[in-house]
Amino acid sequence: MYNEKAQMMELDEIRKVQEEKMMDIVEYAYENVPMYKEKFDEAGITPDDINGLEDVHKIPFTTKDDLRDHYPYGILAVPRDEIIRFHASSGTTGKPTVVSYTRKDMETWNDLMARCYSAAGVEPGDIVQNAYGYGLFTGGLGFHQGAEALGASILPTSTGNTKKQIQMMYDFQTTVLSCTPSYAIYLSEAAEKYGYDPLEDFNLEVGMFGAEPWSEEARESIEESMGLRAHDVYGMSELYGPGVAVECPEQNGLHVWSDEFLVETINPATGEVLEEGEEGELVITMLSREAMPLLRYRTKDISVVNYEKCECGREHPRIMGVTGRSDDMLIVGGVNVFPSQIEAALLETEGIAEHYQIIVDRDVLDKLSIRAEVDKDYYESDEYDEKELLKRAKENLTAILNIKAEVELLEPGELPRTVGKAQRVVDQREEQDRMEET
Ligand code: DLL
């Protein structure tokens, strides 16, 4: 069972609920989490200063470092024995960020995930193959519980074991696939390799893809090759996991379940709150998290929030896709480069596949190199012209980058494939600097 009706709340009602819940959660965090008492004291405020949504900007931010500093149990607002689940996200450096859930938190999360499936058009009785990783990562169990709460039939295949995965997709006539978009691309290639034609042999209708950035071009490619409608799902471990926002069949922005999440956008450099419709870092307050309330959590994800009513009738505001991360931005020779821009330019180049790697290294000066695979069909066709393709790829990249980039074309299948989130950026500069120092 889940709160199906909450999907259709009107904006006025959402704002009313947000206001009530925000005042309660501020009080709750202040009373139960010493870190928040300290933060409020430092800012010279108390919960009495927060009297409505317009006061939200007075509340101090919370960052990932705040969580890391409280490893392993985090910033618990309840006694440890009330926690019924931990998850963790592995950082590239240092300790993982641990997140915890009470029974009530689990119910909320399951409800949010069931809403995501429902908003994407998934119904009780659908056969959901869940190929997100099960374990400390929130993807596997999050999608699993959501499908169960909705009343769908779940096939918990987890990641990997690709051949078996394909076999089951055929045998069970799976209707819904949940996994990272990079694994969806891998699965479509693998299906062909094992002799299946997904359009003929499979019964897929809906894809629930998220956990990493992916472009419109990647969406088209997955939809065409797998014969499904691909929905973007956004979330992060600190905010329960997946289930913060999802695309409806309009595929025009991701509805944030705003009776549970209060979203703001800020200028990542100054912390200044931006006007509606301006692009910036998403800052999110969880409105009813019991185990570890997070007030104004800095996600580092860059997006725009759209408050217009959607064609689907839902009034939960939409984030218009995550266009990058404020900490993913590469500074190459002083120029800001977003990996998402590179992906868009590559995929706009007909004949280039979705598999690429961005390498930054330093040879006196910073150097940006891009290794991209050629599309298999194009590679095998008579029209394949390496020189001409290279020229077009370079032109498209130069049009968006203010810096010269080396481009290398690779044969189809040359880059390693991933079952989870793709590692597309290899920044070798720190390692090179360290080597030089020794
Ligand atoms: O990736 C939770 C999740 C699982 C979301 C499955 C969706 C589907 P973390 O491992 O903590 O949690 O990583 C969170 O991944 O801050 C974004 O930078 C990125 N991310 C997640 N969803 C999307 C998306 C899960 N739809 C971080 N588009 C976030 C772009 C995404 N980036």
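We count ligands from 1, going down the list as the structure has it; atoms in each ligand are counted the same way.
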Could you identify the single nearest non-hydrogen protein atom to atom 16 (O) of ligand 1 and state the distance to 0.1 Å? D301 OD2, 2.7 Å
Please state which protein non-hydrogen atom is closest to atom 13 (O) of ligand 1 and give its distance, to 0.1 Å? K421 NZ, 2.9 Å
Heavy-atom contacts with P242 under 4.0 Å: which atoms of ligand 1 show up? List them by number with element. 2 (C), 3 (C), 4 (C), 5 (C), 6 (C), 7 (C), 8 (C)
Residues D361 and R429 bridged, charged N to O under 4.0 Å: no
Kindly check if the number of other-residue, nucleotide or ligand heavy atoms within 6.0 Å of NZ (K104) is above 12? yes
Taking only heavy atoms of T138, which atoms of ligand 1 are found under 4.0 Å from at least one of them? 2 (C)
Any nitrogen or oxygen of D232 lying under 3.5 Å from a nitrogen or oxygen in ligand 1? Just yes or no. yes
When you compare ligand 1 with T299, is there at least one nitrogen or oxygen pair between them that comes in under 3.5 angstrom? no
Nearest-neighbour protein heavy atom for atom 7 (C) of ligand 1, which is reported as residue plus atom name and distance: A211 N, 3.2 Å
May I ask you to list the atoms of ligand 1 that are less than 4.0 angstrom from any heavy atom of F143? 6 (C), 8 (C)
If you count every heavy atom of other residues, nucleotides or ligands that lies below 6.0 Å from E54 atom CD, does the total exceed 12? yes
Answer with side chain, backbone, both or neither: which part of F209 has a heavy atom less than 4.0 angstrom from an atom of ligand 1? neither
Hey, does the Lys NZ or Arg CZ of R289 hover above the aromatic six-ring of Y101, less than 6.0 Å from the centre and inside 45° of the axis? yes
To the nearest 0.1 Å, how far is atom 14 (C) of ligand 1 from its closest protein heavy atom, and which atom is that? M236 CB, 3.4 Å
Trace of the ring pair (Phe, Tyr, Trp, His ring centres under 6.0 Å) decision for H87 with Y240: CA-CA 9 Å; H87 278 283; Y240 297 100; over 10 Å; no
Is the Y30-Y36 ring centre distance short of 6.0 angstrom? no
Going by the atom numbers of ligand 1, which of them fall below 4.0 Å from some non-hydrogen atom of S237? 9 (P), 10 (O), 11 (O), 12 (O)
Inspect the surroundings of CZ in F86 and state if more than 12 heavy atoms from other residues, nucleotides or ligands are less than 6.0 Å away. yes
Could you tell me whether V233 and ligand 1 have an N or O pair separated by under 3.5 Å? yes
Specify the protein heavy atom at minimum distance from atom 31 (C) of ligand 1: its residue, its atom name, and the distance to 0.1 Å. E212 N, 3.6 Å
Cut-off 3.5 Å, no hydrogens considered: what does the side-chain donor-acceptor table look like for residues 344-358, sequence neighbours left out?
residue, atom, partner, partner atom, Å
T349, OG1, A345, O, 2.9
T349, OG1, L346, O, 3.3
T349, OG1, N396, ND2, 2.9
E354, OE2, S221, OG, 2.3
H355, NE2, E189, OE2, 2.9
Y356, OH, E343, OE1, 2.4
Q357, OE1, R371, NH1, 3.2

Apply ring pair (Phe, Tyr, Trp, His ring centres under 6.0 Å) to F209 and list each qualifying residue two or more places apart in sequence or on a separate chain. W214
